[in-house]
Peer 1: 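Below you will find the structure I want to go over with you.
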Amino acid sequence: MPTATASQTIGPYWHLIEHKEWADLTRFGAEGERIEVTGRVTDGAGAPVADAAVEIWQASPLADERFPGYGRSATDGEGRFRFITLKPQPVAGHGNQTQAPHLSIVLLARGLMTALRTRLYFEGEALNETDPLLSSIEDPVERATLIARSTGPGVWTLDIRLQGEGETVFLEV
Amino acid sequence: MSDTLPFRPFAAGTQPPLDAPAYGSTHLRHPKRALRKLAQTVSETTGPHFTPALFPEINDLTKQASGEPLGERIIVAGQVTDEDGRPIPNTMIEVWQANAAGRYAHPRDMHDAPADPNFPGEGRIFTDTEGRYRFVTIKPGAYPWRNHHNAWRPIHIHFSLFGTGFAQRLITQMYFPGDPLLNLDPIYHAVSDAAARERLVSRFDLAITEPEWALGYRFDIVLRGRGATPFEDGGHH
């Protein structure tokens, strides 16, 4: 039986499949706590990654015809992505564990041979203390790379650093 | 098969590394720290579901403008399965590509080759109940890039697949048989396992070819399997 097909980079011209409305997960009429999620993607020299595709998937609220659960945002000239979505609730983990509210992130860009995966959690959530992933990261500086800060009413900000100082914790799933 | 069973790890060498020195753009973009292993949860084992009602199909890339694009019309078809050979039905595939002259309909593509106003270069296809897909397009052209002296990308079509869980998300490129640029391409060669690499190359297929109309190419895609491997691979653990 063949193994999984190999990944190849998304390249610099993936915008041929970009549809800006995909960054708004409420566009089909979903109702709930509407939030904005934004941040900048930078490389190992601190330069903006201006050609990335940032994707999110959230298991909460449950996806349905009015809420796709999935979004894609192109980064702009400053490396900034921006989503409108609904605030996730806690979801089940392994056994009787509960995971703090979070978004799954997939990052794709020229120079990335495979998708980079990480998560976005929300500052101030009590469950962050016991979340299985967050609590497994001993270094508080590394842990903080997964936790978005509240930067305005309903606005959450998390920068993603691909390499070097402040490098984001990336995941193998 | 339960849709919350975790996906298996990739077989060694079948996926490219993030640090691929021959591909210059990886230098400042690959993480230096090892990836942190995460036991898959519902956030990884489930994923988005797309329907043609909300994401309309574009299965003929030659019919997206008032006129026909220039170039050689081709048909690309294949099957999407998982590593256990199970078809993945009703899943969305996105494709995009350069025009016949090797230029993308993209403002940042500065290659000195003619644009084709009749070829936006985007497709969106859904697999049928047996995981099969088919679309019509034109054969893309090769184009230069600045990775190294006299660097040219082999002709390719970009593919994006979602599968049934977010851990199956795949971005890849389909190549064409007999392309002399393949052996010079650091992106293709970043996959060290020769068999896995060669499966990125489509095959000419007379059964897909339509008489008096278009050549056919077959490109089958395999996404990660769920659960334990159904056969032992003897001592690789």
Peer 1: With a 3.5 Å cut-off and no angle check, do the side chains of H102(A) and S43(B) form a donor-acceptor pair?
Peer 2: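 Yes, because at least one side-chain N or O of H102(A) sits under 3.5 Å from a partner of the opposite role on S43(B).
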Peer 1: Heavy atoms only, distances under 4.5 angstrom: which of A53(B), A190(B), A39(B), A11(B) has the most pairs with chain A? Name it, please.
Peer 2: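 The answer is A39(B).
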Peer 1: Between the side chains of D51(A) and R29(B), is the shortest nitrogen-to-carboxylate-oxygen separation below 4.0 Å, so that they form an ion pair?
Peer 2: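 Result for this pair is yes, salt bridge flagged.
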Peer 1: For chain A, which of K37(B), H106(B), Q168(B) has the most heavy-atom pairs under 4.5 Å?
Peer 2: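 Sorted descending by pairs with chain A, the first entry is H106(B).
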Peer 1: Assign the ring pair F162(B) / Y70(A) to parallel, tilted or perpendicular, where the plane angle (0 to 90°) is split at 30° and 60°.
Peer 2: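 The arrangement is perpendicular - the two ring planes meet at more than 60°.
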Peer 1: Apply side chain to side chain donor-acceptor pair (under 3.5 Å) to residues H19(A) and E122(B) and explain how you reach the verdict.
Peer 2: CA-CA 11 Å; H19(A) 298 275; E122(B) 176 194 19; 2.7 Å; yes
Peer 1: Between atom CZ of F10(B) and atom CD of E172(A), what is the distance when rounded to the nearest 0.5 Å?
Peer 2: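 Rounded to the nearest 0.5 Å, the CZ-CD separation comes out at 9.0 Å.
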Peer 1: Tell me, for F7(B) versus chain A, whether the close heavy atoms (under 4.5 Å) come from the side chain, the backbone, both or neither.
Peer 2: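 Neither part; nothing is under 4.5 Å.
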Peer 1: Before accepting this row, confirm whether a basic side-chain N of the pair R119(A)/E44(B) lies closer than 4.0 Å to the acidic partner's carboxylate O.
Peer 2: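 The answer is yes: the pair qualifies as a salt bridge.
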Peer 1: State whether a side-chain donor-acceptor pair under 3.5 Å links Y175(B) with Q8(A).
Peer 2: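 There is such a pair between these side chains.
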Peer 1: If I measure from the heavy atoms of chain B, does P132(A) come under 4.5 Å with its side chain, its backbone, both, or neither?
Peer 2: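 Contact with chain B involves no heavy atom of P132(A) at all.
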Peer 1: Please check if any side-chain donor atom of T3(A) sits under 3.5 Å from a side-chain acceptor atom of E83(B), or the reverse.
Peer 2: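 No, no side-chain donor-acceptor contact under 3.5 Å.
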Peer 1: Let me know if I10(A) has heavy atoms under 4.5 Å from chain B in its side chain, its backbone, both or neither.
Peer 2: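 Contact with chain B: backbone and side chain both.
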Peer 1: Name the member of T26(B), I171(B), V95(B) that forms the most heavy-atom pairs with chain A at distances under 4.5 Å.
Peer 2: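 Of the options given, most contacts go to I171(B).
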Peer 1: Specify which of F166(B), F55(B), Y104(B), F50(B) makes the most heavy-atom pairs with chain A at under 4.5 Å.
Peer 2: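 Maximum pair count with chain A is reached by F166(B).
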Peer 1: Under 3.5 Å, sequence neighbours excluded: what are the donor-acceptor pairs made by side chains of residues 146-161 of chain A?
Peer 2:
residue : atom : partner : partner atom : Å
T151(A) : OG1  : T157(A) : OG1          : 2.7
D159(A) : OD1  : R40(A)  : N            : 2.8

